[in-house]
Amino acid sequence: MATATQSAVRQTYKDYCATPDDERYELLDGDLMMVPAPNMRHQSVLFRLARKLGDFTEEHGLGKVYVAPCDVVLSDTEVVQPDVLFVSRAREHTLTDENVRGAPDLVIEILSPSTADRDLGYKHDLYGRHGVLEYWIVDPMAETVAVHRQANGRLELADTFGRRDTLQTALLDGLQLELDYVFAG
């Protein structure tokens with residue numbers, strides 16, 4: 001894995017906390033990785049997804065939705081900032097004043113040219129190992145959402161939804177996410 005630090009020394013959460021506040025990093029397998037600011041298409045999709053998920057979960061009292069930058073500390077050498085995440089009431093114990101300590105129920109990553117390989121590979125495996133129940137990979141160019149579900153300590157592709165589809169999931173029973181809306185504009 002290419003690293004921002006190019007160091008043989010594994011970084012820890014303490015090192016991560018010492019990074020500049022005006023720059024975004026993730027800590028993957030002890031390597032500090034700079035995360036560039038996303039493009040405007042990415043931000044538009046992010047906003048629409050977060051708004052719909054946030055409204056739905058709040059209206060039904062299901063838990064909390066957060067958007068990047070929000071640290072998810074999976075271990076002392078694994079800290080990520082998913083684009084969107086959902087923590088159910090059953091996992092509220094993972095929420096602290098500073099971050100999420102443990103796996104959210106749902107993680108959503110919106111692909112960008114600079115992060116796509118990481119989101120599709122390393123982070124997909126990482127989220128599976130740490131018990132994320134669902135991982136949505138959103139491709140704003142193809143206008144698709146690939147839903148991966150937990151199965152025996154790994155995430156497996158369960159379904160792929162396109163622009164004209166309505167995304168539904170048992171994780172958020174009753175959610176009707178119109179992808180025409182998410183990918184509009």
Side-chain angles (χ1 to χ4, degrees), residues 1-39 41-43 45-46 49-50 53 64-88 91 93-142 144-158 160 171:
M1 177 186 311
T3 68
T5 59
Q6 296 297 321
S7 170
V9 176
R10 286 176 47 112
Q11 305 292 305
T12 66
Y13 181 64
K14 181 179 176 184
D15 301 311
Y16 172 84
C17 288
T19 61
D21 288 340
D22 59 347
E23 295 177 355
R24 283 184 55 200
Y25 287 89
E26 291 184 314
L27 183 62
L28 302 176
D29 194 27
D31 290 326
L32 280 173
M33 310 290 287
M34 184 177 274
V35 181
N39 64 35
R41 175 79 173 140
H42 179 284
Q43 291 297 82
V45 169
L46 169 68
L49 266 172
L53 288 173
K64 306 277 186 190
V65 171
Y66 297 95
V67 298
C70 177
D71 290 343
V72 175
V73 181
L74 298 172
S75 76
D76 195 43
T77 59
E78 305 280 5
V79 182
V80 292
Q81 291 187 3
D83 289 310
V84 182
L85 63 101
F86 163 71
V87 177
S88 69
R91 291 189 182 194
H93 64 276
T94 64
L95 301 176
T96 73
D97 288 340
E98 292 80 34
N99 52 42
V100 180
R101 289 207 166 252
D105 296 80
L106 169 66
V107 169
I108 303 172
E109 295 285 7
I110 302 167
L111 299 181
S112 295
S114 62
T115 63
D117 288 344
R118 197 177 313 153
D119 292 341
L120 293 167
Y122 187 83
K123 288 171 83 174
H124 179 275
D125 295 342
L126 177 70
Y127 294 144
R129 282 194 321 270
H130 284 276
V132 169
L133 299 179
E134 280 193 9
Y135 177 36
W136 297 1
I137 300 173
V138 179
D139 186 335
M141 299 308 291
T144 60
V145 179
V147 175
H148 299 252
R149 290 199 180 100
Q150 184 62 231
N152 303 317
R154 48 180 282 171
L155 291 162
E156 295 180 0
L157 181 62
T160 301
L171 182 66

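Remember, it's a predicted structure, so these values are computed and weren't measured experimentally.
Between His124 and His148, the angle of the ring planes goes over 60°, which puts this pair in the perpendicular group of the 30/60° scheme.
At least one side-chain heavy atom of Leu28 sits under 4.5 Å from a side-chain heavy atom of Glu78. Between Pro104 and Val132 the shortest side-chain heavy-atom distance falls below 4.5 Å. Here the side chains of Tyr13 and Asn99 are in contact, with some heavy-atom distance below 4.5 Å. The closest side-chain heavy-atom distance from Leu53 to Phe86 is not below 4.5 Å. Between Arg24 and Pro38, some side-chain heavy-atom pair lies under the 4.5 Å cut-off. Val72 places none of its side-chain heavy atoms less than 4.5 Å from the side chain of His130.
Closest of all the heavy-atom pairs between Val138 and Val145 is CG2-CG2, 4.1 Å. Annotation for Cys70 and Leu85: closest pair SG-CD2, 4.2 Å, computed over non-hydrogen atoms. Nearest approach of Pro82 to Glu26, heavy atoms of both residues: N-OE2, 4.4 Å. Listed here is the closest heavy atom pair of Leu27 and Asp76: CD2-O, 3.6 Å.
Residues satisfying the salt bridge (charged side-chain N to carboxylate O under 4.0 Å, His left out) criterion with Arg154, sequence neighbours excluded, are Glu156. With sequence neighbours excluded, no residue forms a side chain to side chain donor-acceptor pair (under 3.5 Å) with Thr144. In this structure, the side chain to side chain donor-acceptor pair (under 3.5 Å) partners of Thr115, at least two apart in sequence or on a different chain, are Asp119. Tyr16 is linked by a side chain to side chain donor-acceptor pair (under 3.5 Å) to Asp71, Gln81, counting only residues two or more places apart in sequence or in another chain. Under the rule for a side chain to side chain contact (heavy atoms under 4.5 Å, CB included), the partners of Leu95 that lie at least two apart in sequence or sit in another chain are Lys64, Tyr66, Val87, Glu92, Val100. Partners of Thr12 by side chain to side chain donor-acceptor pair (under 3.5 Å), not counting sequence neighbours, listed by chain and number: Asp15.
In this structure, OG1 in Thr77 is found 10.5 Å from CD in Gln11, a value given to the nearest 0.5 Å. In this structure, OG in Ser114 is found 11.5 Å from CE in Met34, a value given to the nearest 0.5 Å. With values rounded to the nearest 0.5 angstrom, Ser112 atom OG is found 8.5 Å from Gln43 atom CD.
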Trace of the side-chain contact (heavy atoms from CB on, under 4.5 Å) decision for Leu133 with Arg91:
CA-CA 11 Å; Leu133 299 179; Arg91 291 189 182 194; 3.4 Å; yes
Test log, rule side-chain contact (heavy atoms from CB on, under 4.5 Å), inputs Asp29 and Arg10:
CA-CA 8 Å; Asp29 194 27; Arg10 286 176 47 112; 2.9 Å; yes
| side-chain contact (heavy atoms from CB on, under 4.5 Å) between Arg118 and Val35: does it pass, once the steps are laid out? | CA-CA 11 Å; Arg118 197 177 313 153; Val35 181; 4.3 Å; yes
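Among Glu109, Gln150, Glu134, the one residue that satisfies the side-chain contact (heavy atoms from CB on, under 4.5 Å) test with Tyr127 is Glu109. With Leu120 as the fixed residue, the side-chain contact (heavy atoms from CB on, under 4.5 Å) test singles out one of Asp139, Leu111, Asp125: Leu111.
Side chain of Thr96 to backbone of Glu98: a donor-acceptor contact under 3.5 angstrom is found. With hydrogens and angles ignored, the 3.5 Å screen pairs a side-chain donor or acceptor of Asp83 with a backbone N or O of Ile110.
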